[in-house]
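Data first, discussion second: the structure below is written as structure tokens.
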Amino acid sequence: MSNGDAWKRFHDSMIMDYEKWHDGTGYDLEAFDELTPEQKEMVLKSVRHKADPDWRDIQLLQREGSEKSINAIRQNVSGRSIETHAAALAALIESGKLPAQLIDEKLEALLDHTAPFDGLDRCLRLAEAHPGPRVKMALLRNARRRPEVGVHYAAMLFFHAGLAGEAFDWNHRPFFLKFGDGASRDEKDAAFAELCRLVGVDEREV
């Protein structure tokens, strides 16, 4: 296959449409690998200087892996988009560029702000793999305060406490749902007290 074909495949993959958005399709990284060094540098220079990159840009920078690209990823660890922020954090973790304490701190901040359709799935995967003390407290306080994420956070706490065999154990779904929009205040308060008891945290400390 000619280099011109690789350039077209990669360029086409950069054009976002509904199907790519819906399916979470990134850039064609195999096509990127086939580009000439000059073409790669042209693409990378553009991506590194984007004012508001997305997770696909982070994925590309991670694939290339140079110090320039890693530095560009670092600049987005506190980016405006939670999705981009989470993707950058995941990339730095996979590259071995962050100590455990800093992972815990950065992920805590993400869990305080992520929401459905804005990085929640990616943040939950990170929380599953990195259950530091600050992450656990972020899960706990947001399970109580934010019904839009509470169901998933309660489920993750069950998993970390060894009370469930997976990150969302459907056997406990009726309990998790008490942290969502459909539960009354009394139900939520009682469920939160029970959650604290089960995970071994004093409710007054949250």
Side-chain angles (χ1 to χ4, degrees), residues 1-132 134-135 138-139 149 152 156 167:
M1 182 173 288
S2 72
N3 181 263
D5 290 330
W7 176 256
K8 183 178 187 307
R9 283 162 46 216
F10 181 77
H11 184 269
D12 289 348
S13 76
M14 295 186 77
I15 301 171
M16 179 59 78
D17 55 28
Y18 175 78
E19 185 176 348
K20 290 175 184 173
W21 172 83
H22 182 270
D23 296 340
T25 303
Y27 298 146
D28 188 334
L29 299 180
E30 291 183 1
F32 175 80
D33 290 342
E34 297 173 21
L35 300 180
T36 67
E38 293 77 15
Q39 289 171 330
K40 286 180 180 179
E41 186 55 34
M42 181 170 62
V43 170
L44 290 166
K45 186 175 181 180
S46 173
V47 169
R48 289 172 190 148
H49 291 89
K50 274 190 177 181
D52 191 17
D54 63 23
W55 68 269
R56 301 180 307 156
D57 300 314
I58 300 298
Q59 188 180 63
L60 177 65
L61 293 171
Q62 183 183 13
R63 175 80 160 215
E64 193 266 340
S66 68
E67 191 60 32
K68 284 184 179 180
S69 292
I70 295 299
N71 285 336
I73 292 173
R74 285 195 184 99
Q75 292 172 10
N76 286 284
V77 149
S78 300
R80 288 173 289 177
S81 163
I82 296 296
E83 183 73 50
T84 302
H85 186 161
L89 181 59
L92 291 176
I93 291 171
E94 290 173 17
S95 301
K97 301 294 184 180
L98 290 178
Q101 183 176 351
L102 191 54
I103 293 171
D104 200 31
E105 176 185 327
K106 294 292 186 181
L107 186 49
E108 176 191 25
L110 281 174
L111 291 168
D112 280 338
H113 296 97
T114 189
F117 307 109
D118 189 13
L120 179 59
D121 289 345
R122 199 180 299 273
C123 288
L124 287 171
R125 290 196 297 272
L126 286 170
E128 180 178 354
H130 302 280
R134 297 179 71 155
V135 163
L139 291 169
V149 298
H152 296 284
M156 189 64 68

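Given the structure is predicted, the values throughout are model-derived calculations rather than measurements. In what follows, every heavy atom counts, from backbone to side chain, and hydrogens, waters and symmetry copies are set aside. In what follows, residues are counted from 1 in the order of the sequence shown.
By the 4.5 Å heavy-atom criterion applied to side chains, Arg122 and Trp55 are counted as neighbours. Using a 4.5 Å heavy-atom cutoff, the side chains of Glu34 and Arg9 are in contact. Looking at Leu92 and Ile70, their side chains come closer than 4.5 Å, going by heavy atoms from C-beta outward. Within the 4.5 Å cutoff, the side chain of Val149 has no heavy atoms near those of the Leu124 side chain. A 4.5 Å side-chain heavy-atom check between Leu44 and Ser69 finds at least one atom pair inside the cut-off. The shortest side-chain heavy-atom distance between Glu83 and Asp118 falls under the 4.5 Å cut-off.
Considering all non-hydrogen atoms of both residues, Ala31 and Ala6 come closest at CB-O, 3.6 Å. Taking all atoms of both residues into account, the shortest heavy-atom contact from Leu111 to Ala138 is CB-CB, 4.0 Å. Heavy-atom minimum distance, Tyr27 versus Gln59: N-OE1, 4.3 Å.
With sequence neighbours left out, the ring pair (Phe, Tyr, Trp, His ring centres under 6.0 Å) criterion links Phe32 to Phe10. The side chain to side chain donor-acceptor pair (under 3.5 Å) check on Glu94 picks up Gln62, with sequence neighbours excluded.
Side chain of Asp57 to backbone of Asp54: a donor-acceptor contact under 3.5 angstrom is found. Between the side chain of Asp23 and the backbone N or O of Thr25, no donor-acceptor pair lies under 3.5 Å. Between the side chain of Asp104 and the backbone N or O of Ala100, no donor-acceptor pair lies under 3.5 Å. For the pair Thr114 (side chain) and Leu110 (backbone), a donor-acceptor distance under 3.5 Å is absent.
No more than 12 heavy atoms of other residues, nucleotides or ligands sit less than 6.0 Å from atom NZ of Lys68. When the shell of 6.0 Å around CD of Glu30 is examined, it contains 12 or fewer heavy atoms from other residues, nucleotides or ligands. Heavy atoms from other residues, nucleotides or ligands lying under 6.0 Å from CD of Glu67 number more than 12.
Taking CG from Leu98 and CD from Glu105, the interatomic distance works out to 10.5 Å, rounded to the nearest 0.5 Å. In this structure, Ile103 CD1 and Ile93 CD1 are separated by 4.0 Å, a value rounded to the nearest 0.5 Å. Between atom CZ of residue Arg56 and atom CE of residue Met16 there is a gap of 3.5 Å, rounded to the nearest 0.5 Å. Once rounded to the nearest 0.5 Å, the distance linking SG of Cys123 with CE of Met156 reads 10.5 Å. Separating the CG atom in Leu126 from the NZ atom in Lys106 is a distance of 13.5 Å, to the nearest 0.5 Å. Asp5 CG to Lys8 NZ: the interatomic distance, rounded to the nearest 0.5 Å, is 8.5 Å.
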(request) Please report the C-alpha distance between His85 and His113 in whole Å, then the side-chain angles of each, then the deciding distance to 0.1 Å, and finally whether the side chain to side chain contact (heavy atoms under 4.5 Å, CB included) criterion is met. (result) CA-CA 11 Å; His85 186 161; His113 296 97; over 6 Å; no
(message) Checking Asn76 against Leu61 for the side chain to side chain contact (heavy atoms under 4.5 Å, CB included) test, could you report, in this order, the C-alpha distance in whole Å, the side-chain angles of both residues, the deciding distance, and whether it holds?
(response) CA-CA 12 Å; Asn76 286 284; Leu61 293 171; 5.6 Å; no
(request) Would you please test His130 and Val135 for side chain to side chain contact (heavy atoms under 4.5 Å, CB included) and show each step? (result) CA-CA 8 Å; His130 302 280; Val135 163; 5.5 Å; no
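Salt-bridge annotation for Asp121 and Arg125: absent, with no side-chain N of the basic residue lying under 4.0 Å from a carboxylate O of the acidic one. By the 4.0 Å N-to-carboxylate-O rule, Arg48 lies close enough to Glu41 to be salt-bridged with it.
For the 3.5 Å distance criterion, the side chains of Glu64 and Ser66 qualify, holding a donor opposite an acceptor.
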